[in-house]
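Shown next, in structure tokens, is the structure this report addresses.
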Amino acid sequence: MPASSVPDPLVTDRFAAALSALWRSARLKGDDRLGLAVSGGPDSLALLCLAAAALPGRVAAATVDHGLRAEAADEAAMVARVCAEMAVPHAILRVTVSEGNVQSEARTARYAALDLWLAEQGLAALATAHHADDQAETLVMRLNRSSGVSGLAGVRALGRVPGSERPLLRPLLDWRREELAKVVAAAGLTAAQDPSNADPRFDRVRVRQALAAVDWLDVPALAASAAHLADADAALDWAAGREWREAVSPIPMGLVYRPQAPRAIALRVIARIVSELDGEAPRGSAVARLFDSLLAGQPASIGNLVARRGPEGWTFTKAPLRRTG
């Protein structure tokens, strides 16, 4: 690894301590290797520099090219050159994004490709460059949309790669964006700049600019609140699982729910009922309206289901097929 790209020892030690704690929590072995998702932006390049210094010889990197931007191929090639200089194995993963919600479909394709790469390379976990500013921006955006606990919950430092059981590590959640930029500058690297990150047509960009314009908002505190909400979200999921086991049972053509828990937990149980019977996750607002209708004793529908309140509880069944012709 070129001396110019080795971060300051104090900076490396800070990163190594956070990574080590996650390593133990994920029950990874001492000789396990770590995969890095590196797009070429300043945050992920900082992750590359820090991880390569903290785990010499035990990291590999991958760049996903979604084929959505003309510059993506050049950015992936740049990351490949940087990795070659650091003696870090690197792969470019080209994916096809399905039609629909582009951001959601791109995320799905990205993690599927990364998970396959992890398996092929024998890597034990994946690390991404999510940081404190990401957490704070997401929290403010979702507060502005009146999201509930699940929507407000920040990403957790230790999770799972979507669609997989492999650990997903986020060792930079205590770092600010400008701190990561300094790591990249000190390494003498020039990060790729996605023009959409400065386009005020996007909600996140407007929130980022608003947060930068006020000095009384504490971004690390906002990020910490998002982490606390993630803990609360996990607790609600645990309680909803218990409510499901104790209060949901099968009936002919559907399920019956005898609600015992507070509203926040009942909403999660109903969402799971709809997902299991109808095959699709419902919108939170639709679940809330259904709950209120059933509480008032009024029948309601959601997706292809009909829900009614009766003496045995709240029943959920498939709506009868409409005759045509």
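Model, not experiment: these values are computed from the prediction. Every heavy atom of this structure was used, including side-chain atoms; hydrogens, water molecules and symmetry mates were not.
No side-chain N or O of T315 forms a donor-acceptor pair with one of R309 less than 3.5 Å apart. One side chain, S20 or R24, offers a donor N or O that lies under 3.5 Å from an acceptor on the other.
For the pair E243 and R258, the salt-bridge criterion is not met [side-chain N within less than 4.0 Å of a carboxylate O]. Between R263 and D292 there is a salt bridge, since a side-chain N of the basic residue sits under 4.0 Å from a carboxylate O of the acidic one. The pair R81-E85 fails the salt-bridge criterion, with no side-chain N (NZ, NE, NH1 or NH2) lying under 4.0 Å from an Asp/Glu carboxylate O. D203 has a carboxylate O that lies under 4.0 Å from a charged side-chain N of R206, or vice versa, which qualifies the two as a salt bridge. Under a 4.0 Å N-O distance rule, the pair E137/R177 qualifies as a salt bridge. The pair R268-D237 counts as a salt bridge, with a side-chain nitrogen and a carboxylate oxygen less than 4.0 angstrom apart. Under a 4.0 Å N-O distance rule, the pair R242/E246 qualifies as a salt bridge.
When the side chains of ILVMFWY residues are joined at heavy-atom separations under 4.5 Å, either directly or via intervening members, L22 and L126 end up in two distinct hydrophobic clusters. Residues M253 and L294 do not share a hydrophobic cluster, defined by chaining ILVMFWY side chains whose heavy atoms lie under 4.5 Å apart. Linking ILVMFWY residues whenever their side-chain heavy atoms come closer than 4.5 Å, directly or via other members, leaves V38 and L114 in distinct clusters. By the criterion of side-chain heavy atoms lying less than 4.5 angstrom apart, applied directly or through intervening Ile, Leu, Val, Met, Phe, Trp or Tyr residues, V183 is grouped together with V88 in one hydrophobic cluster. At a threshold of 4.5 Å between side-chain heavy atoms, the hydrophobic network of Ile, Leu, Val, Met, Phe, Trp and Tyr places L217 and L143 in one connected group.
One distance of note links CE of M141 with CZ of R208; it measures 9.5 Å at 0.5 Å rounding. For the atom pair CZ (R145) and OG (S285), the distance works out to 13.5 Å, reported to the nearest 0.5 Å. Interatomic distance, CD of Q135 versus CG of L173, reported as 5.0 Å (0.5 Å rounding). With rounding to the nearest 0.5 Å, the separation of CG in L255 from CD1 in I270 is 12.0 Å. Between the CG atom of L36 and the NE2 atom of H90 there is a distance of 10.0 Å, given to the nearest 0.5 Å. The line from CD of E312 to OH of Y257 is 15.0 Å long, rounded to the nearest 0.5 Å.
Between P167 and R160 there is a side-chain heavy-atom pair separated by less than 4.5 Å. Put simply, the side chain of D43 does not reach to within 4.5 Å of the side chain of L172, judged on heavy atoms. Side-chain atoms of W244 and I273, non-hydrogen and from C-beta on, do get closer than 4.5 Å to each other. Side-chain contact check for L229 versus L139: some heavy-atom pair is nearer than 4.5 Å. The shortest distance between side-chain heavy atoms of L34 and L123 does not fall below 4.5 Å.
Within the structure, side chain to side chain donor-acceptor pair (under 3.5 Å) contacts touching residues 299-308 (residues at least two apart or in different chains) are D278-N304.
Distance alone, capped at 3.5 Å, places no donor-acceptor pair between the T63 side chain and the A76 backbone.
For I265 against A240, the heavy-atom pair with the smallest separation is CG2-CA, 3.7 Å. Residue A153 comes nearest to A230 through the heavy atom pair CB-CA, 3.6 Å, listed as atom of the first residue, atom of the second, then distance. Of all the heavy atoms in M78 and T190, the pair that sits closest is CE-O, 4.1 Å. The two residues G40 and L45 have their closest heavy-atom pair at O-CD1, 3.6 Å. A pairwise comparison of heavy atoms in P282 and I302 identifies CB-CD1, 3.9 Å as the closest pair.
By the 6.0 Å contact criterion, CD on E280 is open, its count of non-hydrogen atoms from other residues, nucleotides or ligands being 12 or less.
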Would you tabulate the side-chain donor-acceptor contacts of residues 47-60 under 3.5 Å, counting partners in other chains and residues two or more places apart, or write 'none'?
unit_1 : atom_1 : unit_2 : atom_2 : d
R58    : NE     : D32    : O      : 3.1
R58    : NH1    : G30    : O      : 3.3
R58    : NH2    : G30    : O      : 2.9
R58    : NH2    : D32    : O      : 3.1

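Residue F316 is tested with I251, V256, L277, V248 for a side chain to side chain contact (heavy atoms under 4.5 Å, CB included); the sole match is L277.
Partners of F291 by ring pair (Phe, Tyr, Trp, His ring centres under 6.0 Å), not counting sequence neighbours, listed by chain and number: W314.
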**Request:** Could you walk me through whether D115 and R110 pass the salt bridge (Lys or Arg N to Asp or Glu O under 4.0 Å) test, one step at a time?
**Result:** CA-CA 9 Å; D115 187 52; R110 177 168 64 252; over 6 Å; no
Are R156 and D231 close enough, and set up right, to give a salt bridge (Lys or Arg N to Asp or Glu O under 4.0 Å), and what steps lead you there?
-> CA-CA 9 Å; R156 301 172 74 86; D231 290 336; 3.1 Å; yes
